[in-house]
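Presented below is the structure to which this report refers.
Along the sequence shown, residues are numbered consecutively beginning with 1.
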Amino acid sequence: MTLGLGIDTSFDDTAVALVEDGNRILANLTVSQFAEHENFGGVIPERASRLHVQHLFPLLERALARAERRLEDLDYVAVTNRPGLIGSLLVGVSAGKALAMARGLPLVGVNHLEAHVYAVQMEHEDLVFPFVSLLVSGANTVIYHHRDHGDYRVLGGTLDDAVGECLDKSGRFIGLPLPAGPHLQKLALAGDAARCPMPRPMLNRPGYDFSFSGLKTAVVNTVRANPDLRPEDLAAGLLEAASDVLARKTFRAARDVGVKQVALCGGVAANLQLREAFARRAEKTGITFRHPSIPLCTDNAAMVAGLGYEHFRRGELADLDLAVAATVSWKRD
Ligand code: KG4
């Protein structure tokens, strides 16, 4: 049995998890800083770092208690070191180094975006390489072609807003609390998309890139032109359009590169309408699709401990000079 500690402080959530053998989750805890930043209209990086300092070790103690394990039981420490807010990343990485040094443990640096994809593999052993994934969150909308752990290429991505950003900004425009995605989902369940047809940006362009800033503008224009439009119908129209473009392009990419499986991951992968659109494309194309359970869609540290296990058993370890990076560079197919 190999016990891994995962730490993620890449953005505004402090997350700690304990995972056995890469996929058995003993504890997966997150403290959201959302309420602390709400009044400022966005995440204040300096404040986020300070809050990570405050939350991280108490959260570690709670995670150990939940898992009924002690620091002495750990076999490795995995920590997100890229991409994210530099100050926030530094808090998690410094804590990871301190723990690794104090207990003489191997340290593993994890790419947060790769970990989101690994979250699907943690719960679905039948998802095997090669496959195509769509990562959809507040900051990312990317289609990857995976050949192995760490061996992947970008097939396409958003040219402007991430889809989560589009949903959050559209939701805020109609007065929904942030993050607006889950509220839009609830409204859409009571709405009729046919009453509010929305554009499907770049759907018929070749390639696998997206654009969501135009969809956000279409929401603003539609609301201004139709003051009596029901928010339920707007939410249904918006989610149907976004889901349709995401699903069609992802499955088209999978077909073109010749894979039989698709993975959907990231915070927006929690969305019901998107999952249904993927299920419809899967049925139509014969390409299967897998997604994580809700706690593994949004930011979490279980996926970091999980991917950390793959690095650990391959001997891909970090030294105590492990650096942080705000961005990661992509290899395009
Ligand atoms: O991966 P994530 O937790 O972290 C960031 O990128 O920060 O993703 C957050 C995004 C937000 O845009 C939020 O509105 C969206 O995921 N989201 C959803 C749902 N749950 C979270 N969007 C649509 N439907 C949901 N059920």
Checklist entry - Do D299 and H112 pass the side chain to side chain donor-acceptor pair (under 3.5 Å) test, and can you show the C-alpha distance, the side-chain angles, and the key distance before you say yes or no? => result CA-CA 9 Å; D299 286 351; H112 178 89; 3.1 Å; yes
Item to check | Pair D161-S213, side chain to side chain donor-acceptor pair (under 3.5 Å): steps then yes or no | outcome: CA-CA 5 Å; D161 291 355; S213 67; 5.2 Å; no
Could you check whether any side-chain heavy atom of [X] comes within less than 4.5 Å of a side-chain heavy atom of [Y], counting everything from C-beta outward?
X	Y	value
V262	F131	no
V110	V79	no
L246	V268	no
I287	K260	no
E316	E310	no
L113	Y144	yes
V77	V108	no
F173	V223	yes

Are [X] and [Y] close enough that a side-chain donor and a side-chain acceptor fall under 3.5 Å?
X	Y	result
N140	H116	no
D12	H52	no
S211	D160	yes
H146	D151	no

Next on the checklist: Filter on salt bridge (charged side-chain N to carboxylate O under 4.0 Å, His left out), then keep only pairs touching residues 264-275, sequence neighbours left out; what's left?
Outcome noted: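 Every candidate salt bridge (charged side-chain N to carboxylate O under 4.0 Å, His left out) pair involving residues 264-275 fails, so no pair, neighbours aside, qualifies.
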Can you tell me if [atom1] on [X] sees more than 12 non-hydrogen neighbours from other groups inside 6.0 Å?
X	atom1	value
R205	CZ	no
R103	CZ	yes
R230	CZ	yes

Next on the checklist: Membership question, hydrophobic clusters at under 4.5 Å side-chain separation (ILVMFWY): are M198 and I174 in the same one?
Outcome noted: yes
Next on the checklist: Is there a path of hydrophobic side-chain contacts, each under 4.5 Å between heavy atoms of I/L/V/M/F/W/Y residues, joining M122 to L127?
Outcome noted: no
Checklist entry - So F312 and Y309, would you call those rings parallel, tilted or perpendicular, with 30° and 60° as cut-offs? => result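 F312 vs Y309 ring planes: tilted.
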Item to check | L51 vs T14, side-chain contact (heavy atoms from CB on, under 4.5 Å): CA-CA, chis, key distance, verdict | outcome: CA-CA 8 Å; L51 289 166; T14 314; 5.8 Å; no
Next on the checklist: Between E20 and R69, does the salt bridge (charged side-chain N to carboxylate O under 4.0 Å, His left out) criterion hold? Intermediate values first, please.
Outcome noted: CA-CA 11 Å; E20 255 174 10; R69 295 290 190 279; 2.8 Å; yes
Identify the two heavy atoms, one from [X] and one from [Y], that lie closest to each other, and give their separation to 0.1 Å.
X	Y	value
A139	A162	C-CB, 3.5 Å
V120	L264	CG2-O, 3.8 Å
L215	P199	CD1-O, 3.4 Å
F251	R281	CD1-CB, 3.4 Å
Q261	T288	CG-OG1, 3.2 Å
S10	P83	CB-O, 3.7 Å

To the nearest 0.5 Å, what is the distance between [atom1] ([X]) and [atom2] ([Y])?
X	Y	atom1	atom2	value
T250	L134	OG1	CG	4.0 Å
R70	L3	CZ	CG	11.5 Å
L107	L322	CG	CG	5.5 Å
Q54	S49	CD	OG	12.0 Å

Next on the checklist: For E276, give me all partners under side-chain hydrogen bond (donor to acceptor under 3.5 Å, both in side chains), at least two apart in sequence or on another chain.
Outcome noted: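 E276 satisfies side-chain hydrogen bond (donor to acceptor under 3.5 Å, both in side chains) with no residue once adjacent residues are dropped.
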Assess whether a salt bridge exists between [X] and [Y], defined as any Lys/Arg side-chain N lying under 4.0 Å from an Asp/Glu carboxylate O.
X	Y	value
R248	D244	yes
R200	E240	yes
D209	K249	no

Checklist entry - What do the steps show when you test R147 against R153 for side-chain contact (heavy atoms from CB on, under 4.5 Å), and what is the final call? => result CA-CA 9 Å; R147 296 171 180 125; R153 297 283 186 277; 3.4 Å; yes
Quick check against the 3.5 Å criterion: does [X] have a side-chain atom that pairs as donor or acceptor with the backbone of [Y]?
X	Y	answer
E123	P292	no
D233	P231	no
T9	S88	yes

Next on the checklist: If you apply the rule side chain to side chain donor-acceptor pair (under 3.5 Å), what do you find for D256 with Y208, and how did you get there?
Outcome noted: CA-CA 11 Å; D256 292 351; Y208 316 106; 2.6 Å; yes
Checklist entry - Strictly under 6.0 Å, is that where the ring centroids of H311 and Y76 end up? => result no
Checklist outcome for this item: The side-chain contact (heavy atoms from CB on, under 4.5 Å) partner of N28 among V19, L18, L296 is L296
Item to check | F11: ring pair (Phe, Tyr, Trp, His ring centres under 6.0 Å) partners, not counting sequence neighbours | outcome: none
Next on the checklist: Run the side-chain contact (heavy atoms from CB on, under 4.5 Å) test on L307 and V117 for me, step by step, so that the C-alpha distance in whole Å, both residues' side-chain angles and the decisive distance to 0.1 Å come before the verdict.
Outcome noted: CA-CA 9 Å; L307 181 56; V117 179; over 6 Å; no
